[in-house]
Amino acid sequence: MGNLKDTAAIALVDCNNFYVSSERAFNPKLAGIPVVVLSNNDGCVISRSNEAKAFIPMGAPLFQYEKVLEENEAEIFSSNYELYGDMSDRVMNSLQSFTPEVEIYSIDEAFLGLQETQKGFDYIGKEIQEKIFKWTNIPVGVGIAETKTLAKIANRIAKKSDKAKGVLDLYKSPYQDIALDRTAIGDVWGIGRASIKKLETINIKTALQFRDADLRWVKKNFTVVGGRTLLELRGVRCLPLELEPPPKESITCSRSFGELVTEYKPLQMAMSCYLMNAVEKMRHHRLAARSLTVFIETNKFQLDSFYANSYTYKSAYPTDNLFELQHWASESIKKIYRENFAYKKAGVILSGLILSESTTARLYEQPNPKHERLNKAIDEINKKFGKGTVHLAIAHMGKWQMKRERMSPRYTTRLDEIMKIH
DNA sequence: TCTGGGGTCCTAGGACCC
DNA sequence: TCTGGGGTCCTAGGACCC
């Protein structure tokens, strides 16, 4: 971390409407028209092209907007995470060619550490934008400033303003005060709904007002987190670039069902399926879990008949063995399942994760070596033939599976779907 | 009929210990 | 009788992020 001290500026590179842009990257017919991508289960709109932003809000439930979408001749896609994940890798790999100081912050965002050069940051920003588009077909915005929080603000303005054309350098800029004055407090990274409300009562409405507020008061009312945000707005770097991804603390797999589930059996099957996903990911990271949480819930929009519960199974012996975890899961579901409820959603959380090679030897119960070999075999097959090729017998399909009625081909990761390009 | 999923960090408060 | 006080660990829940 010491070598990062001389990083002059931080750039935030953020893909525009990332899921929509990924769809467009392989389908030129989608250019210039309204396009939206839906959440799992085709429930909500989670990515919109600029044309679609004019008439549909973020997070809009599809059923409320089907008519509007049709009137505007919008193209609608189910989410295709294999495609987006692969496009994300391409963008992130491309960014590495500009600097080794790349923090992958999310599927569509990265922070870059930039050194001062003669070209100037604005020039570098434009270069990044141009090359990423050339190499991946994904348009990005670039915001540059002293800190992550300021870079976020620069990025936001860069995307909104026609003049900036997606790149804005606010590093030691005389325009910083103007930028902060025009940024609503709720658009500051780290300031959410609850904080907006609290700040309203003392008449703080802009990023500039927050920056110039009393630090002690902010710390008292918004903890150290709020204090950091304030200092970052003043140009004091509190959030360093994290070049190595921090070790995972938990892995979740949860889904809403395509159809409501009342019976025990299909619930158990769904849970097995989610567990397999989660365990596959966990083993991929060479981790083992100390505890497993299972949760179920009915439709949260129907409060009169709502039931939700969870149970956490804990063991002194962390495990990465699917069969053992399957046992933990079934024990847990038994404890929280209630008859006569229509369940809408369920999930599993693996937590207390540690590196699997550091699991302590067991004094009494030895893990079954047959199981271990079988687990390894499953890893191999899934790696070779794609996720979820091998299932536990109990994890077979059912009506609870999610709807994905409008999915595009997985152009980049499935050989059999590559040829479907129009 | 239909309303996503996957994370982290922080704090307060209880249990427990000396 | 006037009911210490500090430390640590754990958990639940809030807040926020993409």
Side-chain angles (χ1 to χ4, degrees), chain A residues 12 14-15 17-19 36-47 56-67 69 76-81 84-85 88 103-111 148-149 152 155-156 185-199 219-229 238-239 242 245-260 274 277-278 281-282 285 290-291 293 295 297-303 306 308-312 314 342 344-353 399 402-406:
Chain A
L12 174 65
D14 177 310
C15 302
N17 319 326
F18 181 57
Y19 298 167
V36 299
V37 173
L38 305 175
S39 64
N40 275 335
N41 240 344
D42 293 349
C44 300
V45 171
I46 52 167
S47 180
I56 191 160
M58 186 63 174
L62 176 63
F63 75 93
Q64 283 173 10
Y65 285 86
E66 261 171 331
K67 214 174 142 198
L69 286 162
I76 305 173
F77 292 91
S78 299
S79 41
N80 185 343
Y81 286 104
Y84 312 149
S88 176
E103 173 187 337
I104 299 172
Y105 178 69
S106 74
I107 193 165
D108 70 334
E109 278 174 68
F111 290 105
K148 286 181 172 178
T149 308
K152 277 266 190 188
N155 180 289
R156 204 176 154 274
I185 185 65
D187 291 326
V188 175
W189 192 41
I191 305 291
R193 266 196 357 248
S195 302
I196 296 173
K197 227 175 176 182
K198 241 200 250 177
L199 287 167
K219 276 187 178 164
K220 212 172 104 190
N221 288 276
F222 300 93
T223 79
V224 290
V225 182
R228 277 201 291 259
T229 300
C238 302
L239 307 169
E242 312 221 16
K248 277 194 172 301
E249 291 174 15
S250 69
I251 293 171
T252 303
C253 180
S254 76
R255 296 277 181 281
S256 294
F257 301 133
E259 262 177 49
L260 295 179
Y274 304 158
N277 274 329
K281 197 179 203 179
M282 180 174 75
H285 289 276
R290 215 183 292 279
S291 51
T293 302
F295 65 90
E297 60 191 50
T298 62
N299 190 338
K300 61 180 177 224
F301 296 97
Q302 280 175 353
L303 290 175
F306 183 68
N309 208 348
S310 72
Y311 182 82
T312 301
K314 285 171 208 161
K344 175 67 187 159
K345 182 178 177 178
V348 300
I349 305 167
L350 298 167
S351 52
L353 301 181
K399 286 184 180 164
M402 68 175 179
K403 269 190 267 178
R404 279 168 121 187
E405 289 170 350
R406 309 158 191 263

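Source: prediction; values computed, not measured. Below, chains carry the letters A, B, ... as their sequence lines are ordered, and counting in each starts from 1. Below, all heavy atoms of this structure are taken into account, side chains as well, without hydrogens, waters or symmetry copies.
Of the residues near DNA chain B, A/Glu249 and A/Met58, the one whose nearest nucleotide (by heavy atom distance) lies more toward the 5' end is A/Met58. For the pair A/Val225 and A/Cys253, both in contact range of DNA chain B, the more 5′-proximal nearest nucleotide belongs to A/Cys253.
Two rings, from A/Phe306 and A/Phe301, have their centers 6.0 Å or more apart.
Atoms CG and CZ, on A/Asp187 and A/Arg156 in that order, are 3.5 Å from each other to the nearest 0.5 Å. In this structure, CD1 in A/Ile251 is found 11.5 Å from CD1 in A/Ile349, a value given to the nearest 0.5 Å.
Taking all atoms of both residues into account, the shortest heavy-atom contact from A/Ser250 to A/Ser351 is CB-CB, 4.2 Å. The two atoms that bring A/Phe295 and A/Ser310 nearest to each other are CB-CB, 3.6 Å, heavy atoms only.
With sequence neighbours excluded, no residue forms a ring-ring contact (aromatic ring centres under 6.0 Å, His included) with A/Tyr311. For A/Asp14, the side chain to side chain donor-acceptor pair (under 3.5 Å) criterion is met by A/Lys159, not counting sequence neighbours.
Distance check on atom P: C/dG4 versus B/dG14 gives 16 Å, rounded to whole Å.
Between the side chain of A/Thr298 and the main chain of A/Lys344, no donor-acceptor pair closer than 3.5 Å is present.
Here A/Lys281 lies in heavy-atom contact (under 4.0 Å) with sugar-phosphate atoms only. Residue-level contact check: A/Arg404 touches neither bases nor backbone, having no heavy atom under 4.0 Å from any strand. If you check every strand for non-hydrogen atoms under 4.0 Å, A/Ile251 touches sugar and phosphate atoms only.
Among B/dG6, B/dT8, B/dG4, the nucleotide with an atom closest to any side-chain atom of A/Ser254 is B/dG6.
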Might you list the N or O atoms of the protein lying below 3.5 Å from N or O atoms in nucleotides 15-18 of chain C, with each pair's distance?
from, atom 1, to, atom 2, distance (Å)
C/dC16, OP1, A/Gly192, N, 3.1
C/dC16, OP1, A/Gly192, O, 3.4
C/dC16, OP1, A/Ser195, N, 3.0
C/dC16, OP1, A/Ser195, OG, 2.4
C/dC16, OP2, A/Arg193, N, 3.2
C/dC16, OP2, A/Ala194, N, 2.9
C/dC16, O5', A/Gly192, N, 3.4
C/dC17, OP1, A/Gly190, N, 2.5
C/dC17, OP1, A/Ile191, N, 3.2
C/dC17, O3', A/Trp189, NE1, 3.2
C/dC18, OP1, A/Lys152, NZ, 2.7
C/dC18, O3', A/Ser106, OG, 2.6
C/dC18, O3', A/Asp108, OD1, 3.0
C/dC18, O3', A/Glu109, OE2, 3.1

So which protein nitrogen or oxygen atoms get under 3.5 Å of nucleotides 9-13 of chain C's nitrogens or oxygens?
from, atom 1, to, atom 2, distance (Å)
C/dT11, OP1, A/Lys314, NZ, 2.7

Write out a two-atom table: protein N or O, nucleotide N or O from nucleotides 1-3 of chain B, distance below 3.5 Å.
from, atom 1, to, atom 2, distance (Å)
B/dT3, OP1, A/Lys344, NZ, 2.3

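Taking 4.0 Å as the cut-off between side-chain N and carboxylate O, A/Glu109 and A/Lys152 count as a salt-bridged pair.
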Requested in this report: Fill in the dot-bracket string of DNA chain C, one character per base: . for unpaired, | for a pair to another strand, ( ) or [ ] for pairs within the strand, taking Watson-Crick or G-U pairs under 3.5 Å.
Outcome: ....||||||||||||||
**Report entry** CA sep, side-chain torsions, deciding dist, call: A/Ser88, A/Phe18, side-chain contact (heavy atoms from CB on, under 4.5 Å)
**Finding:** CA-CA 9 Å; A/Ser88 176; A/Phe18 181 57; 4.0 Å; yes
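Regarding A/Tyr81, its OH atom lies at a distance of 13 Å from the C1' atom of B/dG7, rounded to whole Å.
For B/dG5, one of the phosphate oxygens OP1 or OP2 lies less than 4.0 angstrom from a side-chain nitrogen or oxygen of A/Lys345.
By the 30° and 60° cut-offs, the orientation of the rings of A/Phe111 relative to A/Tyr105 is perpendicular.
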